[in-house]
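Scope of the values below: all heavy atoms of this structure, side chains included, with no hydrogens, waters or symmetry mates. Letters go in sequence order (proteins before strands), and every chain restarts at 1.
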Protein chains: 2
Amino acid sequence: MSLPVPTMPKPPVGVVGLGQLGGSLAAALVAAGREVSGWDVDPAAREAAAARGVRVTQELGGVVVLAVPLPAMAGALDGLDVDPDATVTDLGSVKVPVLASVGAALGGRFVGGHPMAGTERSGHGATDPGLFRGARWALCLEPGTDLRRWLRAAEVALDAGAEVVPVTATEHDDAVAAISHVPHLLAAALAAAAGEAGPLALALAAGSFRDGTRVAGSDPAFVIAMVEGNAGPTAAALARVRAQLDRPWPDLVAAGHAVRTADPGRRVVRVPLDRAALLALGRTGGAVTQRLAAFVEGWVPGR
Amino acid sequence: MSLPVPTMPKPPVGVVGLGQLGGSLAAALVAAGREVSGWDVDPAAREAAAARGVRVTQELGGVVVLAVPLPAMAGALDGLDVDPDATVTDLGSVKVPVLASVGAALGGRFVGGHPMAGTERSGHGATDPGLFRGARWALCLEPGTDLRRWLRAAEVALDAGAEVVPVTATEHDDAVAAISHVPHLLAAALAAAAGEAGPLALALAAGSFRDGTRVAGSDPAFVIAMVEGNAGPTAAALARVRAQLDRPWPDLVAAGHAVRTADPGRRVVRVPLDRAALLALGRTGGAVTQRLAAFVEGWVPGR
């Protein structure tokens, strides 16, 4: 039986950057009954957010979410009037560099985050309040992270419909190198090599090519910032893929099939509000689905 | 203006193997008004085809389509009563080996084919009469191929809703190595390497990983037969992908994006019924869409 959290008002949320990710998050939180403010340098993005119930202002507090591209992250709060006690989190696709820049300036008030959502589309025209529903949302628990602030950031992710994966920034960057950044490089290499093969090959391209190269359609500037911002882990993960490609093909195909079709199942668990226990949940492949009074509820693989 | 082909009855079609590809082709041709017979070693596949209007018999003639897995191709006609003047074509995913086995036995009566269609599903339960609609269908024009028989096989593909790409078997195998066989190996390597990275990485896996590994869910026996049946061209295409991965990442990402987002357009052309002219159409990335009296109509990239 779940013990509900004692009713206390959740803090307001302020979203900086109202493009696809920030605009979608703001809209999802408005729909979930949260008080949401927001700002974007683009007046059209501000107008679109206002039409969805977001209060447009440069005065932000509570949980402030940085939803700007990686190169703009360090200066995202410049010129804004942010409550000095606000918890600050972000949606950037790499975490060690953001922790080193934004995190260093904010100390224990910063909680790095990364929702595993988004499409090749971008901008406020691509806003979708359902974007985070069922998505995994990595949230960093560093040795210096204030656990109460981490829980406030986690509640933002949960209210948007996501499941929260507790991680360290280093663990996160290693993991996304393997499952996001290297796939972008492979898609580019596959497309570029097929281009060398010529027009006949491209004319015959069918499902496996279209799927394997879909993310090569993403904005190159975004992809380059992502892989170069996580260069070490991405190079290591790419080396693991190259080593796999050296195996005899029957072994390689069987190994890939086994991983792709594995279904570890889900088993509901309760985890105390404790850094080590939360990180252990993430390392087993589990996620938090609910905050309760003295613990979180989540799941781990298993039956 | 199109000159229609003088009305003459098209030959009957006999389909050997009534699984996903053969069953879908038979159903599409019945819907297009062709007379279709078929056979499968599995009584359940025969019954499913009969329910779609296919005459189930071991006596086959006209254009006989071999729709069996690659390892069964050489023996596909064993025990069947096939008209000695029938044109024989196939749907196998590699062409040089099939040409060397089936083609050598049948001489000028054999026209190798490969529709770029199909899903991870298989068997007669996955039959879909729309499977070939808009798909490219490679059809081999070797020096010894009888052009009239090639046109009969092309009409089968066109009647199923496909566009016909004239190729040599060698050109085909090089092209599909780049756009189908290597993508299967990359998907397997990506999945296997992510499996090494551990449960946290797999728990964070999102769109780019799911797309990049989708074909790793295919039946491993099918994939292994495919890549080992086209080992030389696949190894060469894989080497080209590896060379792309050695480039600086910004160059790689930009090159992949350019190929993935290129839209060469389509320009309607007429091509005489001549081997060299048809192969030239295929090499420019074009395809045949219609057979006319003294030529075919098709398209090539361009505006």
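For the pair A:T127 and A:G19, the tightest heavy-atom approach, listed with the atom from each and the gap, is OG1-O, 3.7 Å. B:W150 approaches B:V111 most closely through the heavy-atom pair CD1-CG1, 3.7 Å. Here the closest heavy-atom approach between residue B:A287 and residue B:L281 is recorded as C-CD2, 3.8 Å. Closest approach of B:R133 to B:P129, counting heavy atoms only: NH2-O, 4.3 Å. Considering every non-hydrogen atom in both B:C140 and B:K95, the closest pair reads SG-CD, 3.6 Å. Summarising the geometry of A:G229 relative to A:P97, their closest heavy-atom pair is O-CG, 3.2 Å, with the distance given to 0.1 Å.
Ranked by heavy-atom pairs under 4.5 Å with chain A, the list B:A258, B:G285, B:G286 is led by B:G285. In terms of non-hydrogen atom pairs under 4.5 Å with chain B, the most contact-rich of A:A175, A:A205, A:P220, A:A178 is A:P220. With chain A as partner, the option from B:V176, B:V167, B:L185 having the largest number of non-hydrogen pairs under 4.5 angstrom is B:L185. Chain B forms the most heavy-atom pairs under 4.5 Å with one residue out of A:R210, A:H114, A:R242, A:R283, and that residue is A:R242. In terms of heavy-atom pairs under 4.5 Å with chain A, the best-connected choice from B:R240, B:R260, B:E171, B:M116 is B:R260. Between chain B and the options A:D174, A:T213, A:T261, A:V223, heavy-atom pairs under 4.5 Å are most frequent for A:T213. The candidate from B:L238, B:I224, B:T234, B:L202 with the greatest count of non-hydrogen atom pairs under 4.5 Å with chain A is B:I224. Most heavy-atom pairs under 4.5 Å with chain B, from the set A:A254, A:A216, A:P301: that is A:A216. By number of non-hydrogen pairs under 4.5 angstrom with chain B, the leading residue of A:A203, A:G195, A:A135 is A:A203. Of the residues considered (A:A197, A:S208, A:A194), A:S208 shows the highest number of contacts with chain B, using heavy-atom pairs under 4.5 Å.
Of the two parts of A:E163, neither the backbone nor the side chain holds a non-hydrogen atom closer than 4.5 Å to a non-hydrogen atom of chain B. Of the atoms belonging to B:D251, not a single heavy atom falls under 4.5 Å from chain A. Proximity to chain A (any heavy atom under 4.5 Å) is restricted, for B:H184, to the side chain, taken from C-beta onward. Heavy atoms closer than 4.5 Å to chain A are found in the backbone of B:T284, but not in its side chain. Looking at B:A231, both its backbone and its side chain come within 4.5 Å of chain A, counting heavy atoms on both sides. The parts of A:V253 that come within reach of chain B are both its backbone and its side chain, each placing non-hydrogen atoms under 4.5 angstrom from that chain. At a 4.5 Å heavy-atom cutoff, the contact between A:A255 and chain B is made by backbone and side-chain atoms alike. Using a 4.5 Å cut-off between heavy atoms, B:P250 contacts chain A through both its backbone and its side chain. Of the two parts of B:V241, the backbone and the side chain both hold a non-hydrogen atom closer than 4.5 Å to a non-hydrogen atom of chain A. Contacts between B:A187 and chain A at a heavy-atom distance below 4.5 Å are absent for every atom of the residue.
Note that NE2 of A:H172 is 8.0 Å distant from CG of A:N230, once rounded to the nearest 0.5 Å. To the nearest 0.5 angstrom, A:I179 atom CD1 is 10.5 Å from A:R136 atom CZ. The CG atom of A:D128 sits 12.0 Å away from atom CG of A:L25, with the distance rounded to the nearest 0.5 Å. For the atom pair A:L186 CG and B:Q244 CD, the distance stands at 12.0 Å (nearest 0.5 Å).
A donor-acceptor contact shorter than 3.5 Å is absent between the side chain of B:E228 and the backbone of B:A225.
Applying the ring-ring contact (aromatic ring centres under 6.0 Å, His included) test to B:W137 and every residue at least two apart in sequence or in another chain returns B:F132.
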